[in-house]
**Student:** 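Input: one structure, supplied below.
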Number of protein chains: 2
Amino acid sequence: MPRKSAKKSRKELILDAAEELFAEHGFDGVKLRTISGAAGVDVALVNYHFGPKRDLFDAVLNRRAEVLNQVRSDALDVCIADAPNGAPSVEEIIHAYLAPMGIVQGSADEGWRHYFALVAYVNNSPEFGRDVMSQYFNPIVTRFIDALRNALPQADDEALYWGYHYLSGALTLTMADTGRLDTLSNGLAKSSDVEKGYAHMIPFIAAGFRAICAR
Amino acid sequence: MPRKSAKKSRKELILDAAEELFAEHGFDGVKLRTISGAAGVDVALVNYHFGPKRDLFDAVLNRRAEVLNQVRSDALDVCIADAPNGAPSVEEIIHAYLAPMGIVQGSADEGWRHYFALVAYVNNSPEFGRDVMSQYFNPIVTRFIDALRNALPQADDEALYWGYHYLSGALTLTMADTGRLDTLSNGLAKSSDVEKGYAHMIPFIAAGFRAICAR
DNA sequence: GTCTATACGGCGATAGAC
DNA sequence: GTCTATCGCCGTATAGAC
């Protein structure tokens with residue numbers, strides 16, 4: 001078992017290539033031959049390791065989902081533990097929810113950036129959005145909504161869910177990193193500037209939650 | 001030329017079918033044969049009317065883009081005209097930006113619902129997000145950002161663009177209507193309930209803009 | 001257990017004959 | 001406008017080499 005930067009197995013190389021290509025072109029926009037070519041392996045090896053194409057797609061999603069959930073869960077634990085009477089502010093909760101995005105900075109691994117773009121694709125997809133997102137992320141999202149409910153005592157539950165929906169949309173468009181923001185703003189705002197994207201997002205979303213959850 | 005509900009031309013039937021299928025499965029997820037089958041015409045007729053597949057995709061986007069831009073532009077004009085000293089509030093501007101969504105209610109035409117889902121797909125796509133969205137919507141978006149700048153005098157321009165980015169993400173996920181919100185909330189919030197989705201969105205986004213544009 | 005060479009049945013978009 | 005042909009490539013299966 002490769003502990004640290006041991007040379008990657010071919011199985012991992014396939015996952016890396018699939019991750020990047022699925023994120024950029026979607027499930028149907030990628031041919032298995034393109035993936036195998038990018039990974040430098042034979043086409044048949046993909047089928048050997050993962051079976052049909054759809055199973056490869058799931059394997060890609062699966063690989064980092066657990067890590068992602070753990071990072072978020074830990075961040076939420078910490079912010080609850082640090083808060084007076086265990087009730088962190090809305091800002092602190094949103095900050096914890098965005099914590100995994102810090103991985104993308106500071107890490108030389110491009111894989112996470114591709115993975116987030118893939119999640120953005122999945123989240124907005126009518127084909128996969130409901131089932132796949134629910135399968136991997138519902139438990140952790142529910143934890144965050146519980147924390148938000150606690151921080152906003154007068155919140156109407158329906159408004160809370162809509163608020164999360166807006167947060168989810170804003171976040172995934174940012175993760176998709178399409179470059180449109182750059183074009184629109186003539187380079188003033190850069191969609192690749194994740195740090196700024198997330199920094200502005202915390203007060204923006206927190207204020208939104210307060211606005212619709214006040215009574 | 002069919003003025004009102006004259007029977008649809010086969011060209012329009014093809015556009016209708018393509019609109020729905022592209023919205024649901026993305027560009028690569030749809031076969032021309034599926035489109036022609038759904039439209040009840042021969043495959044070759046698609047190529048005859050529109051040329052290659054990509055041109056059909058553009059034709060679908062094009063068809064309603066002008067109407068959409070006009071509706072938004074008119075709504076903005078009205079809200080500027082109605083406002084004291086021509087300076088509408090942030091809420092009023094967001095409301096105008098969401099105006100076209102009213103089309104989807106009150107209209108029996110399912111086409112608009114499919115079109116909005118298609119725009120959601122395009123907006124989040126790394127392949128099309130930058131160029132296609134800019135091509136069709138940059139002018140109108142710039143008008144709205146100008147209005148927002150006017151409503152938020154202390155606004156930093158970069159923050160303004162990020163704010164629009166979050167609005168865009170929240171809106172397109174709502175338009176994508178993936179049904180995830182229903183699953184997540186156990187049916188308490190319904191992603192098909194566009195009226196509620198947009199009603200909450202106005203105060204949510206307006207508060208967000210105020211928060212990051214205050215000094 | 002890992003991997004490669006090869007093959008195959010099917011269907012993709014498109015163009016040319018009519 | 002329509003019908004038919006074409007050519008290439010798609011995902012997948014398998015037999016067998018390391």
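Just so it is clear, the structure is predicted and the values come from calculations on it, not from any experiment.
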**Student:** Of all the choices, C:dA15, D:dT12, C:dT4, which nucleotide is nearest to the side chain of B:N47 once you look at every atom?
**Tutor:**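 That would be C:dA15.
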**Student:** Nearest to the side chain of B:K53 - D:dT4, C:dC3, C:dT14?
**Tutor:**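 Closest nucleotide to the B:K53 side chain: C:dT14.
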**Student:** Taking atom P of D:dC3 as reference, at what distance in whole Å does atom CG of B:D42 sit?
**Tutor:**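 Result: 5 Å.
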**Student:** So, is A:R54 close to the D:dT12 phosphate, meaning a side-chain N or O under 4.0 Å from OP1 or OP2?
**Tutor:**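 A:R54 to D:dT12 OP1/OP2: no side-chain N or O under 4.0 Å.
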**Student:** Below 30° counts as parallel, above 60° as perpendicular, anything between as tilted: where do the rings of B:Y121 and B:F57 land?
**Tutor:**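 Ring orientation of B:Y121 relative to B:F57: perpendicular.
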**Student:** Can a side chain N or O of A:H49 be found less than 4.0 Å away from OP1 or OP2 on C:dG1?
**Tutor:**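 Answer no for this pair, as no side-chain N or O of A:H49 is under 4.0 Å from OP1 or OP2.
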**Student:** Does A:H95 have more than 12 heavy atoms from other residues, nucleotides or ligands lying within 6.0 Å of its NE2?
**Tutor:**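 Open: at most 12 neighbouring heavy atoms sit under 6.0 Å from NE2 of A:H95.
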**Student:** Between D:dC3, C:dT2, D:dG11, spot the one nearest the side chain of A:K31, thanks.
**Tutor:**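 That would be D:dG11.
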**Student:** Without decimals, in angstroms, what is the distance between A:R10 CZ and C:dG1 P?
**Tutor:**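 That distance rounds to 17 Å.
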**Student:** What is the separation between atom CG on B:D28 and atom C1' on C:dC11, rounded to the nearest whole Å?
**Tutor:**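 Going from B:D28 (CG) to C:dC11 (C1'), I get 16 Å.
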**Student:** Would you verify whether the NZ or CZ of B:K11 falls within 45 degrees of the ring axis of B:F50 while also being under 6.0 Å from that six-membered ring's centre?
**Tutor:**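 Cation-pi check for B:K11 and B:F50: passes.
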**Student:** To the nearest angstrom, how far is B:L13 atom CG from D:dG1 atom P?
**Tutor:**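 Nearest whole value for this atom pair: 12 Å.
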**Student:** What's the closest nucleotide to the side chain of B:V43 if the choices are C:dC3, C:dT14, D:dT12?
**Tutor:**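 Minimum distance to the B:V43 side chain belongs to C:dT14.
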**Student:** On DNA chain C, nearest-nucleotide positions of A:Y48 versus A:R33: which is more 5'?
**Tutor:**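 Residue closer to the 5' terminus by nearest nucleotide: A:Y48.
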**Student:** Tell me whether A:E195 at atom CD has more than 12 heavy atoms from other residues, nucleotides or ligands lying less than 6.0 Å away.
**Tutor:**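 For A:E195, atom CD is not crowded (no more than 12 foreign heavy atoms under 6.0 Å).
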**Student:** Would you mind reading off the distance between B:L32 atom CG and C:dG10 atom P, rounded to a whole angstrom?
**Tutor:**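 So the CG-P distance, B:L32 to C:dG10, works out to 21 Å.
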**Student:** How long is the line joining NZ of A:K11 and P of C:dG1, in whole Å?
**Tutor:**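 To the nearest whole Å, that distance equals 12 Å.
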**Student:** Does the pair A:R10/A:D42 count as a salt bridge with the N-to-O cut at 4.0 Å?
**Tutor:**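 Not counted as a salt bridge, because no side-chain N and carboxylate O are separated by less than 4.0 Å.
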**Student:** Give the rounded distance in Å between these two atoms: CG of B:L45 and P of C:dT14.
**Tutor:**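 Those two atoms, CG and P, are 15 Å apart.
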**Student:** In this structure, how many angstroms lie between the P atom of C:dA13 and the CZ atom of B:F50, rounded?
**Tutor:**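 About 15 Å, once rounded to whole Å.
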**Student:** Choosing from C:dA5, C:dA15, C:dC3, which nucleotide comes nearest the side chain of B:A44?
**Tutor:**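 Minimum distance to the B:A44 side chain belongs to C:dA15.
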**Student:** Would you mind classifying the nucleic acid contact of B:V46 as base, sugar-phosphate or nothing, using non-hydrogen atoms under 4.0 angstrom?
**Tutor:**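 If one applies the 4.0 Å heavy-atom cut-off, B:V46 turns out to touch nothing in the nucleic acid.
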